[in-house]
Amino acid sequence: NAGVIQTPRHKVTGKGQEATLWCEPISGHSAVFWYRQTIVQGLEFLTYFRNQAPIDDSGMPKERFSAQMPNQSHSTLKIQSTQPQDSAVYLCASSPKLGGDSYEQYFGPGTRLTVL
Amino acid sequence: GEQVEQRPPHLSVREGDSAVITCTYTDPNSYYFFWYKQEPGASLQLLMKVFSSTEINEGQGFTVLLNKKDKRLSLNLTAAHPGDSAAYFCAVSAGGTGSKLSFGKGAKLTVSP
């Protein structure tokens, strides 16, 4: 089991450029979550999918952030017109099937985004 | 929304000492509780999980206590060693379609020899 895979591990963009972050969940897991981690704000929920359907995007900044899950093996988080305040570690997590005691989330290594 | 407060933000102990990290939460519908460990430069490692008001010892030198009446969750290290030095985060979830995690701000534990 390779765990949750995130690429790239590090990304540097200039202000105003676009950034696309990739996540491959653990095989067989039904849910994918995106979080953002900064020193100041800590760990913040962004959005999540279950069985590829978007369930909750209440944490997403509305104008420049979007997320998709085109198939069960990967999800993308896209940030348009990146700003310095978008600099953070973006974490992807996957979770096993709904129901029972299977609500734990397993995190990937993260993508460190730096916006200059 | 759910608010999770974690204390203390920093904790320094000597090897063999105990250490306690506590979280309080606000949503009475919260049902699933987790502790994660994050070593410097690494991602979050699921350490322990608890789903009911119970004391659990996972056999790694940690004990988790959950008090749903007081909405309090604690992680107790019974005999800390330098390898336990890391940041520890509690996380709370209502489960079901509301299964996003709400995290505490973290507690940085330093264990000196």
Side-chain angles (χ1 to χ4, degrees), chain A residues 1-7 9-10 21 23 25-26 29-51 53-60 67 88-112, chain B residues 1-10 21 23-27 29-54 56 58 64 66 73 86-108:
Chain A
N1 190 336
V4 175
I5 298 171
Q6 287 189 252
T7 56
R9 295 294 308 278
H10 302 273
L21 313 180
C23 171
I26 294 171
H29 280 195
S30 65
V32 169
F33 299 79
W34 286 95
Y35 296 86
R36 175 168 66 179
Q37 185 175 25
T38 61
I39 297 294
V40 174
Q41 298 295 331
L43 283 150
E44 301 175 285
F45 166 78
L46 294 175
T47 186
Y48 93 95
F49 300 83
R50 188 169 290 283
N51 297 322
I55 302 297
D56 182 354
D57 66 354
S58 59
M60 291 277 273
V89 176
Y90 289 82
L91 293 165
C92 177
S94 70
S95 183
K97 63 177 182 178
L98 184 68
D101 290 338
S102 302
Y103 287 110
E104 63 267 29
Q105 296 180 23
Y106 297 90
F107 284 79
T111 295
R112 181 175 294 278
Chain B
E2 175 74 270
Q3 302 291 323
V4 181
E5 186 170 329
Q6 188 169 345
R7 290 282 187 268
H10 301 276
I21 302 168
C23 288
T24 55
Y25 61 95
T26 57
D27 188 349
N29 294 319
S30 294
Y31 192 78
Y32 299 92
F33 306 87
F34 307 90
W35 284 99
Y36 285 88
K37 177 182 180 180
Q38 187 176 38
E39 296 179 353
S43 189
L44 295 163
Q45 174 192 350
L46 180 62
L47 195 60
M48 303 182 78
K49 58 185 179 182
V50 57
F51 303 132
S52 61
S53 294
T54 186
I56 298 175
E58 294 288 339
V64 169
L66 172 62
L73 174 71
Y88 292 83
F89 294 88
C90 61
V92 177
S93 170
T97 55
S99 55
K100 64 183 178 184
L101 295 176
S102 297
F103 285 89
K105 285 292 180 73
K108 185 175 180 182

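Residue numbering restarts at 1 for every chain, and letters A, B, ... go by the order of the sequence lines. This structure is a prediction, so every number in the text was calculated from the model and none was measured.
- Within a 6.0 Å sphere centred on NZ of B/Lys108, other residues, nucleotides and ligands contribute 12 heavy atoms or fewer.
- Side-chain contact between A/Leu43 and B/Leu44: present, with at least one pair of heavy atoms (C-beta onward) separated by less than 4.5 Å.
- Listed for the A/Tyr35 side chain is a donor-acceptor partner under 3.5 Å among the backbone atoms of B/Leu101.
- By the salt bridge (charged side-chain N to carboxylate O under 4.0 Å, His left out) test, B/Lys105 is found to be paired with no residue, residues two or more places apart in sequence or in another chain being considered.
- Here the side chains of B/Ser93 and A/Gln105 are not in contact, with every heavy-atom distance at 4.5 Å or above.
- Residues satisfying the ring-ring contact (aromatic ring centres under 6.0 Å, His included) test with A/Phe33, not counting sequence neighbours, are A/Tyr48.
- In this structure, no portion of A/Thr47 lies under 4.5 Å from any heavy atom of chain B.
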Legend entry - A/Phe107 vs B/Gln38, side-chain contact (heavy atoms from CB on, under 4.5 Å): CA-CA, chis, key distance, verdict: CA-CA 11 Å; A/Phe107 284 79; B/Gln38 187 176 38; over 6 Å; no
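- Here the side chain of B/Ser43 pairs a donor or acceptor atom with the backbone of A/Gly108 at under 3.5 angstrom.
- Residues B/Glu2 and A/Phe45 form no side-chain contact, since every pair of their non-hydrogen atoms from C-beta on lies 4.5 Å or further apart.
- Counting heavy-atom pairs under 4.5 Å between each of A/Glu44, A/Gln37, A/Arg112 and chain B puts A/Gln37 at the top.
- Interface remark: A/Gln41 contributes backbone atoms only to the contact with chain B (heavy atom separation under 4.5 Å).
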